[in-house]
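Notes for the one structure printed next.
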Amino acid sequence: MGINGASGTSPGDPFSTTTAVAVIDADGLITYWSLGAQDLLGYSAAEVVRHPARALLRGRDPTAAMSRLCRSGHAGDAVLTVHDRVGHAVRLAVRVCPLLTAGDRRDWLLLAAAAPAATRPTSPAPADAAATGPTTPGAVPTGSGASAPAATGPVTPGAGPAGTAPTGTAPTGPPPTGADATRATPADSEATCASPASPASPASPASTVPAGSGAPGPAAPGAIPAGTAPAGSSPSSAAPTGAASPTTPSSTIPAGARMGRGSAVVTRHARRGMVSGQRQVTVAHAVPRRGRPGRAGRERSRPRSFFPLHDAAGGTLGICYAARNVTAPDPTRERLVLLNAAADHIGTTLDLGRTVQELAEVAVPQLADFVAIDLLDVATAGEGPPTRSPDGPITLRRAAHLSIRPDLPEVIAEVGEPIRYPSGSLQNRCLASGEPSREALGPGTPWLPDDPVRWTGINRFGVHTHLVLPLRARGVTMGVVTLLRWENPDPFTEDDQLLIEDLVARAAVCVDNARRYAREHEAALTLQTSLLPPNLPRHNAVEVAHRYLPADAESGVGGDWYDVIPLSGARVALVVGDVIGHGLHAAASMGRLRAAVQTLADLDQSPDELLAHVNDLVMRLSDEAEAAAEGPAAAGATCVYAIYDPIARTMVVARAGHPSPAVAHLTEPVEFPDIPAGPPLGLGGLPFESAEIPLEEGSVVALYTDGLIQAAEQDVDVGIERLCFALAHPDRPLEEICDVMVRALLADRPRDDVAFLVARTRVLSPDRVTSWDVPPDPSAVRVVRDDVSDRLSQWGLDELAFTTELIVSELVTNAIRHARGPIALRLIHESTLICEVSDGGHTSPHLRRARSTDEGGRGLFLVAQLAQRWGTRYTGSGKTIWAEQPLPSDIWAKPSISSGLDRSI
């Protein structure tokens, strides 16, 4: 079923007035006669239905005239002379539309109106009939869609489409501004369209298009499509299809408005009317026309009526569609449109400043000439504002303002500046009571003289009224909204106040959401920052630099972390991890994992073993989260853990679902060592493996989270190339390298947290390390003590000789008595004095407090009292017990311990 509509009427179109509707079957009998036809010719339906139509025609050969009109085979316009009921000759402008019914019978739909005086037939044919241009199949010919609603006529006597005047009466409202009328054939029929025949050329063959296809029929060669103009011509000069050429001696009835394509809504309702056989009435709202600058135009409503045409047997012949533009303003609809626009425009982000600015953009110029939004200081700071107004002076801060004047001459405080209102002003009263207020401004306003700046501005611009409303949501007052009018002559009314109250109430929820989000984001960022190391410890093994960049406000705080952990034997551990997710839960999980890694690192576990224990912890936390009914989401993380030994000049690395570290050598390109990739923490199932990497002095090692190489949604390969570029010169200062990494890889604000750690390796000089192999003989203890004393003298640490000899004696004696395998002693002179005793046993010594009657068990107690730190680490060949002592300049005063040692000796 093809449906088309027109957008307007041309001047002088006879069908823009009341139209008579009739249906003639294939035998030439009248099967339908409308009230409009009765008013036009005086015949009632009972007098003409089932009678030949040729009986109404005047002329020498009425039968030939009717046959010529019907043989045209397509829709068109013509001028016919007929008899009215009194016998007078009446010239009618007739629009004929073919209707295909079951059995391929062709009926005809006629729209008739009194012909204008200037209208003449286009052909000297005796029938006074002339067909005009081609039409779209299944639609009224070009120009027919311009008739007013009353022009289409009702389907049944006395019934008319929505928005039309009763047939035979003059319309009481304004003339229609865009009426449409279309005709569609039943779904099981076809619509025929053909190019018009002219005296100079034979008639073009008709082309049949199935009804409902919506495809336009072929136009005559050289014909201009409906509603278009030739290139270079003005729109007004374009002749509508179906109108006679300006060069012809006489013209047919103007075709009316341009034919437009029917919308999906029109097609749907027309099809519904065809199926149901009932009239369909809808109302569409057109886009408002442009108003004056800064003011919205009036919206237009378009009532539409779809009613079927029936033959005498009750069969549906087609659909008539009528529409009318109504430009009368609808205040209720305008308010709903404004509120809907506000819902779409306000709250697009969770940024507090942007949200209040969106509120101002909705209010100006639709509701006011100027709007100012002032928030309490506690609201802009992200803290919870008080539920009651304080008794003292209230501090407000300008959050946003907007005026119809682009230079904002009426502004007395810039955005972000504090602002104070006089004690009797509406703003203070609004904050105190929580109720909106409006008042007229003038010389009699009591509180204005106390504020000369505002008094001058109000008199300068002629502000006549203002409205103040509290910005309040969830029982919390966050500020006030002030609206002024001076160019708009209408003062704020009660209806305006109700509308603005609804608007501000909706906006207040968005403002409160932004404020709460800002507070939560700040809390999460503070929590995460407090859980990260404020200052990394200085270590002789490496020089380190780091960066942490939180995600943008939209993504929220993540769970990235980094750490540098001193280990025994002058070694150091480098850690970078990333907790899955964002928000407070991710930050809290990060703090738990960082504490677990530090605890396990103190046990001197290998990287792969440490990650296995952390994985067990994450899985346990995930089980707890899943068991909780309303608990946080299951935890998951990635991590890379590396241990650097400055004596062996090697780094042992293991990773759990984390990117491999980058190593920048002094003489070789940047490389990414092949570290076995373990599963992310929390998945389990596969073991973790570690790899050992030899490093030269001065090499730069970079550990980072995936947000660094995947920033700005760039490809990972591109991120790796940029990282290699940033590390291409490892001899530069580490802080400069970090800055280059940020500029090269993080051009924009990252959408994910980014943490990276850059370390430059150092080595320990061989003269700072001494080792001895100790035979498993108790007499070797004395020899070892003497060797240690000599080495301390060479290092200038004679002050530590006594305590060091005591520690060495206890550790070596325990190894000889309780362990097995080779025994070795090593002294390391670094930032502390480190004593290490290694053996082949795997049993761990335990510190205990000996009773007064025990003969032994005091050795490790003495070591723990004399050393700053001590512990045990396991190796592939056994274990190592170590003890650290501070150097003489860092020795703590322990008078009670030294006195006890003197008495024991």
Side-chain angles (χ1 to χ4, degrees), residues 532-548 560-577 594 597-598 600-602 604-607 610 639-655 658-668 670-673 675 690-705 708 723 726-741 755-766 768-769 828-834 836 869 873 882 884 887:
L532 291 174
N535 295 304
L536 295 179
R538 298 185 60 183
H539 203 281
N540 291 339
V542 291
E543 175 191 359
V544 295
H546 62 91
R547 291 289 188 275
Y548 171 72
D560 294 10
W561 89 91
Y562 57 88
D563 216 339
V564 177
I565 306 173
L567 301 178
S568 63
R571 300 171 306 145
V572 63
L574 307 176
V575 189
V576 169
R594 177 172 178 256
V597 170
Q598 286 186 330
L600 295 172
D602 286 340
D604 270 330
Q605 295 182 341
S606 61
L610 181 140
C639 182
V640 57
Y641 184 85
I643 297 178
Y644 173 65
D645 189 343
I647 300 175
R649 304 184 182 186
T650 59
M651 177 176 285
V652 181
V653 186
R655 60 192 181 109
H658 205 85
S660 179
V663 179
H665 301 281
L666 294 176
T667 57
E668 298 178 6
V670 178
E671 68 167 338
F672 294 84
I675 309 299
S690 58
E692 186 175 279
I693 307 170
L695 295 177
E696 61 182 351
E697 183 179 8
S699 300
V700 173
V701 181
L703 283 70
Y704 51 89
T705 58
L708 180 68
L723 179 59
L727 299 175
H729 300 280
D731 54 337
R732 293 181 298 184
L734 293 184
E735 292 294 334
E736 182 179 345
I737 292 177
C738 291
D739 294 338
V740 173
M741 292 174 65
F756 60 87
L757 185 66
V758 180
R760 176 177 286 119
T761 60
R762 297 171 179 168
V763 298
L764 198 59
S765 176
R768 293 296 188 98
V769 181
I828 303 173
H829 180 197
E830 197 221 11
S831 57
T832 59
L833 181 61
I834 304 172
E836 296 182 346
R869 293 196 311 157
R873 70 172 181 269
W882 54 271
E884 291 183 3
L887 297 181

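Bear in mind that the values here come from a model prediction, so they are computed numbers and not experimental data. The basis for the numbers below is simple: all heavy atoms, side chains too, and nothing from hydrogens, waters or symmetry mates.
- Judged purely by atom type and a 3.5 angstrom limit, Arg655 uses its side chain to pair as donor or acceptor with the backbone of Ile675.
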Which is it for Glu830 and Arg768 under the side chain to side chain contact (heavy atoms under 4.5 Å, CB included) test, yes or no, and what are the steps along the way? CA-CA 7 Å; Glu830 197 221 11; Arg768 293 296 188 98; over 6 Å; no
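- Checking side-chain atoms of Arg760 against main-chain N and O of Ala545 turns up no donor-acceptor pair under 3.5 Å.
- Note that CG of Leu532 and CG of Asp563 are 8.5 Å apart. Values are rounded to the nearest 0.5 Å.
- A distance of 13.5 Å separates CZ in Arg873 from CD in Gln605, rounded to the nearest 0.5 Å.
- The two residues Ser568 and Arg869 make their nearest non-hydrogen contact at N-NH2, 4.5 Å.
- Distance check, rounded to the nearest 0.5 Å: CG of Leu600 to CD1 of Ile565 gives 9.5 Å.
- Atom CZ of Arg732 has more than 12 heavy atoms from other residues, nucleotides or ligands within 6.0 Å.
- Of all heavy-atom pairs between Tyr704 and Ser660, the closest is OH-O, 2.8 Å.
- Taken from CG in Leu833 to CD1 in Ile828, the straight-line distance is 9.5 Å, to the nearest 0.5 Å.
- Without hydrogens or angle criteria, His539 side chain to Arg571 main chain gives a donor-acceptor distance under 3.5 Å.
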Does the pair Met741 and Val758 meet the rule for a side chain to side chain contact (heavy atoms under 4.5 Å, CB included), with working shown? CA-CA 10 Å; Met741 292 174 65; Val758 180; 3.9 Å; yes
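- A donor-acceptor contact shorter than 3.5 Å links the side chain of Glu696 to the backbone of Leu666.
- Residues Pro673 and Val653 fail the side-chain proximity criterion, which asks for heavy atoms closer than 4.5 Å.
- Scanning both residues, Ile834 and Ala570, for their nearest heavy atoms gives CD1-N, 3.7 Å.
- Annotation for Pro566 and Val564: closest pair CD-O, 3.8 Å, computed over non-hydrogen atoms.
- Closest non-hydrogen pair, Ile737 versus Ala726, comes out as CG2-O, 3.9 Å.
- Here the closest non-hydrogen pair linking Ala541 and Tyr644 is O-CE2, 3.4 Å.
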* Test side chain to side chain contact (heavy atoms under 4.5 Å, CB included) on Thr705 and Tyr562 and set out the steps. => CA-CA 9 Å; Thr705 58; Tyr562 57 88; over 6 Å; no
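- Interatomic distance, Asp739 CG to Arg547 CZ, rounded to the nearest 0.5 Å: 5.0 Å.
- No donor-acceptor distance shorter than 3.5 angstrom exists from the side chain of Ser699 to the backbone of Thr761, with no hydrogens or angles considered.
- Note that CG of Leu764 and CZ of Arg649 are 9.5 Å apart. Values are rounded to the nearest 0.5 Å.
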| query | Taking it one step at a time, do Tyr641 and Ser690 satisfy side chain to side chain contact (heavy atoms under 4.5 Å, CB included)? | reply | CA-CA 9 Å; Tyr641 184 85; Ser690 58; over 6 Å; no
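- Counting only heavy atoms from C-beta outward, the side chains of Val652 and Ser606 never approach each other to under 4.5 Å.
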